[in-house]
Amino acid sequence: RLNQGEDLESVRADFIRDFESVSVHDIVKAEQGLIDDGLPMQEVQKLCDLHSALFHGKTEAELWAEEEQQAAGNSVPEGHPVDVLRRENKALEKRIDHALAVLKEDNIPALSDDLKTLRRVDVLYSKKESILMPMLLHHGITGPNDVMWGVDDEIKAEVARLAQTINSENFSAEKPAVEAVLNRMKEMIYKEENIFFPLCLEHLTKEEWLDAYRDL
């Protein structure tokens, strides 16, 4: 329905009504199924952002239950690769929130500094793409990797463009683009925390995690 152009809010309303909870594994299987059925990768990348919005449409009680379940099933020791990436995501989210705040204040110098710092997200994304994604591929998990990698590339390109070009003259015109890419970065954090990391924890072996630790 989303791919056919139907309004997100109407789909979200039905989603909340019909599903009390949806496993991240079901989302991954559905995404893989779309790809296997021949849906172009570019279209799946568009849906990638939308299905995150559907997750956010859940009730507070549902999200609370999911977080408790994740805390029980996805806990990792300090220094584990997922622990490292989660900590980096927290630092990234703080910088994104700061950028959104100064954007709202029309503080162009501070925003420019934040965008230049946020260009370093390519380092964080490369850890996920070059270390963990190939391991998932080894286990036959292909669709989410391809989709997430494509969105990563779009985010990196847009942040780089804005960091190089934002100024007082084009600020008003570029302001919506800045807000959009910052929110896409927050959505990517959400997808990593709620889909990608749990998927890695389910499939990767102890030996693979040791390899990932060394590579990091």
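Atom CD of E6 has more than 12 heavy atoms from other residues, nucleotides or ligands within 6.0 Å. Counting heavy-atom neighbours within 6.0 Å of R1 CZ, excluding the residue itself, gives a total above 12.
Across every non-hydrogen atom of A110 and V102, the tightest pair is CB-CG1, 3.9 Å. Closest approach of P134 to S130, counting heavy atoms only: CG-O, 3.5 Å. The two residues L204 and H139 make their nearest non-hydrogen contact at CA-NE2, 4.1 Å. Closest approach of S168 to I108, counting heavy atoms only: CA-CD1, 3.6 Å. Counting all heavy atoms, side chain and backbone alike, L115 lies closest to V159 at O-CG1, 3.9 Å. The minimum heavy-atom distance linking R184 with I155 is given by the pair O-CD1, 3.8 Å.
The line from CG of L118 to NE2 of H98 is 11.0 Å long, rounded to the nearest 0.5 Å. Rounded to the nearest 0.5 Å, atoms CG (L124) and CG (N89) are 5.5 Å apart. Separation of atoms CG (L103) and NZ (K175) is listed at 5.5 Å; rounding is to 0.5 Å. Atom CE of residue M188 and atom CD of residue E93 lie 13.5 Å apart, to the nearest 0.5 angstrom. One distance of note links CG of D36 with CG of L39; it measures 11.0 Å at 0.5 Å rounding. From K191, atom NZ reaches atom CD of E187 across 6.0 Å, with rounding to the nearest 0.5 Å.
Residues passing the side chain to side chain contact (heavy atoms under 4.5 Å, CB included) test with N167, sequence neighbours excluded: E169, N170. Applying the side chain to side chain donor-acceptor pair (under 3.5 Å) test to D83 and every residue at least two apart in sequence or in another chain returns R87.
Between the E192 side chain and the I189 main chain, no donor and acceptor come within less than 3.5 Å of each other. Counting only distance, with no hydrogens or angles, the side chain of S112 and the backbone of P109 share no donor-acceptor pair below 3.5 Å.
With a 4.5 Å cut-off on side-chain heavy atoms, H138 and E208 count as touching. Residues K186 and L100 form a side-chain contact, since some pair of their non-hydrogen atoms from C-beta on lies under 4.5 Å apart. Inter-residue side-chain proximity for R119 and Q164 is flagged as met; some heavy-atom pair is nearer than 4.5 Å. At least one side-chain heavy atom of M185 sits less than 4.5 Å from a side-chain heavy atom of Y125. Under the 4.5 Å side-chain criterion, counting only non-hydrogen atoms from C-beta, F196 is not in contact with L201. Counting heavy atoms from C-beta on, the side chains of Y213 and V84 never come closer than 4.5 Å. No side-chain heavy atom of D97 sits under 4.5 Å from any side-chain heavy atom of L182. At least one side-chain heavy atom of C200 sits under 4.5 Å from a side-chain heavy atom of L136.
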Could you check L85 against L132 for side-chain contact (heavy atoms from CB on, under 4.5 Å), going step by step and ending with a plain yes or no?
CA-CA 11 Å; L85 295 175; L132 297 182; 3.7 Å; yes
Report the C-alpha separation of R161 and K156 in whole Å, then their side-chain angles, then the decisive distance to 0.1 Å, and conclude whether the side-chain contact (heavy atoms from CB on, under 4.5 Å) test is met.
CA-CA 9 Å; R161 182 187 72 82; K156 289 185 292 185; over 6 Å; no
Please step through side-chain contact (heavy atoms from CB on, under 4.5 Å) for the pair L111 and F171, ending with a clear verdict.
CA-CA 10 Å; L111 177 64; F171 178 75; 3.7 Å; yes
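Note: the hydrophobic cluster containing M135 also contains L216 (ILVMFWY, side chain heavy atoms under 4.5 Å, direct or indirect links). Note on I131 and V76: same hydrophobic cluster, where clusters join Ile, Leu, Val, Met, Phe, Trp and Tyr whose side-chain heavy atoms are under 4.5 Å apart, directly or indirectly.
The only member of K90, R86, K128 that meets salt bridge (Lys or Arg N to Asp or Glu O under 4.0 Å) when paired with E193 is R86.
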